[in-house]
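So the structure is just underneath, and the comments pick up after that.
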Amino acid sequence: MKYQSRKKAIILLADGTIFHGKAVGKEGSAFGEVCFNTGMTGYQEIFTDPSYYGQLMVTTNAHIGNYGVNEDEVESKNIQIAGLIVKNFSYEFSRVDSNGSLQEYLERHNLLAISDVDTRALVSYIRENGTMNAVISTEIDDIDALKEQLAKVPGMDGLELASKVSTKETYFYGEPNATYKIAALDLGVKTNILRNLAKRDVYIKVFPFDTTFEEMKAWEPDGYFLSNGPGDPKPLVQAIETAKEIIANDLPLFGICLGHQVIALANGISTYKMHNGHRGINHPVKNLLTGKGEITSQNHGFAINREETEKHADLEITHVHLNDQTVAGIKMKDKNCFSVQYHPEASPGPHDASYLFDEFIGNIKKQKLA
């Protein structure tokens with residue numbers, strides 16, 4: 001596409017605010033919750049992360065697309081975001097092991113993206129006013145019509161999205177002859193989480209989001225895992241019930257992000273929608289058990305209630321986010337269960353949090369020896 005021929009586009013926020021840009025390729029309109037990610041790299045992993053399903057992603061890094069794409073660097077089979085908003089879009093790429101350009105990748109997945117946006121101003125606005133629904137569009141001749149369509153888009157609060165990204169059928173990941181078997185409840189699982197478990201001598205059976213405990217138990221796994229995923233955790237009634245039963249039977253359980261929130265809800269802890277969430281690869285977390293700091297990758301718009309967690313007789317806060325003191329990890333005092341509100345598999349440069357997978361396997365080993 002010739003740069004001169006790109007069509008004018010806008011971002012229309014739910015409160016009526018408009019930001020201007022230009023279409024990268026595809027024309028039309030895309031609706032969703034607008035949010036931002038502060039990572040300087042990893043855009044392909046962000047776009048394919050099921051936790052971002054239905055969101056309009058603003059990248060704060062000024063240049064996107066400059067290292068192209070690689071088919072091995074995906075977290076799911078599809079692009080999950082609803083649309084992309086960037087400052088400078090690179091049509092050319094220079095990385096040796098790339099399979100193609102980001103533009104070709106977006107076109108192949110039919111994703112609407114706009115560039116030449118003042119992303120610093122947009123992100124500042126979101127930080128001040130909170131995440132909200134928006135539309136990105138090249139159909140700018142009738143703003144009132146866009147406003148009417150945008151008003152009909154449901155908000156993220158109370159929205160169940162795990163069913164949109166979860167597997168429809170069970171499947172296996174890893175080596176069948178591995179020492180340990182783990183049953184994973186797919187609320188929107190990232191491929192790299194399964195990869196991290198598999199390389200620890202684990203064979204994984206992945207179940208749909210609404211699978212019952214009895215169905216998972218029938219496979220006779222050594223441990224259970226609740227995955228990350230999109231949307232509000234509160235509508236996940238079956239997942240919460242499944243977590244309750246795993247906990248009641250004192251079986252090894254590990255949850256990440258949405259799975260962490262489900263475990264909290266299973267213990268009677270409430271969750272809430274955050275002002276603008278945590279999305280990036282440089283979030284500082286403190287491990288309260290060791291006193292050590294971790295640089296983490298995070299992607300969530302909901303959190304669990306800290307005050308309720310502190311008062312809960314059966315729970316202990318293990319990690320806190322150092323920017324705002326939100327709960328970043330919990331464990332049950334008398335049950336084989338723990339969870340974190342960040343991504344230990346993501347390894348944003350260092351491998352600060354990968355020990356959590358080892359702890360999970362360690363819990364399984366202890367259970368088998370008991």
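Any value given below was found using the heavy atoms of this structure, including those in side chains, with hydrogens, waters and symmetry copies removed.
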Q) Can you name the residues that form a ring pair (Phe, Tyr, Trp, His ring centres under 6.0 Å) with F360, not counting sequence neighbours? A)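 Here the qualifying residues are F254.
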Q: Taking ring pair (Phe, Tyr, Trp, His ring centres under 6.0 Å) as the test, write out the residues that go with Y105, two or more places apart.
A: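 Once residues adjacent in sequence are excluded, the partners of Y105 under the ring pair (Phe, Tyr, Trp, His ring centres under 6.0 Å) criterion are H109.
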Q: Go through the steps for Q80 and S76 under the test side-chain hydrogen bond (donor to acceptor under 3.5 Å, both in side chains), then give the verdict.
A: CA-CA 8 Å; Q80 303 289 349; S76 66; 2.9 Å; yes
Q: Check step by step if side-chain hydrogen bond (donor to acceptor under 3.5 Å, both in side chains) holds for K22 and T138.
A: CA-CA 8 Å; K22 293 181 180 179; T138 59; over 6 Å; no
Q.
Tell me which one of N37, T119, T38, L122 satisfies side chain to side chain contact (heavy atoms under 4.5 Å, CB included) with T60.
A.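 Checked N37, T119, T38, L122 against T60; only one passes side chain to side chain contact (heavy atoms under 4.5 Å, CB included): T38.
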Q. Looking at D314 and K335, does any basic side-chain N land under 4.0 Å from a carboxylate oxygen?
A.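 Result for this pair is no, no salt bridge flagged.
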Q. Is K311 paired with E307 through a side-chain N to carboxylate O contact shorter than 4.0 Å?
A.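 Salt bridge between E307 and K311, a charged N being under 4.0 Å from a carboxylate O: yes.
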Q) Would I11 end up clustered with V86 when hydrophobic side chains under 4.5 Å apart are linked, directly or stepwise? A)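 The answer is no; the residues belong to distinct hydrophobic clusters.
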Please tabulate, for side-chain N and O atoms in residues 170-179, each donor-acceptor pair with protein atoms closer than 3.5 Å (sequence neighbours left out).
{"unit_1": "T179", "atom_1": "OG1", "unit_2": "D201", "atom_2": "OD2", "d": "2.3"}

**Q.** Backbone N/O of T318 and side chain of E316: donor-acceptor pair under 3.5 Å
**A.**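 Between the backbone of T318 and the side chain of E316 there is no qualifying donor-acceptor contact (under 3.5 Å).
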(Q) Is a donor from one side chain sitting under 3.5 angstrom from an acceptor on the other, for K190 and N228? (A)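 Distance-only check fails for K190 and N228.
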Q: Could you check whether the rings of Y203 and W219 sit parallel, tilted or perpendicular, using 30° and 60° as the cut-offs?
A: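 Taking W219 first and then Y203, their aromatic rings sit tilted (interplane angle of 30° to 60°).
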Supply the members, apart from [X], of the Ile/Leu/Val/Met/Phe/Trp/Tyr cluster built from side-chain contacts under 4.5 Å; use none for a lone residue.
X: M274; answer: Y272
X: L12; answer: I10, I18, F31, V135, I140, I143, L146, L150, V153
X: L289; answer: none

(Q) Using the side-chain hydrogen bond (donor to acceptor under 3.5 Å, both in side chains) definition, which of the options Q341, H278, H343 pairs with Q298? (A)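 Passing option: H278.
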Q. Between T326 and D324, is a side-chain hydrogen bond (donor to acceptor under 3.5 Å, both in side chains) present by the stated rule, with each step listed?
A. CA-CA 6 Å; T326 51; D324 58 11; 2.8 Å; yes
Q: Please round to the nearest 0.5 Å and tell me the distance separating atom CD1 of I136 and atom OG of S29.
A: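 I136 CD1 to S29 OG: 8.5 Å, rounded to 0.5 Å.
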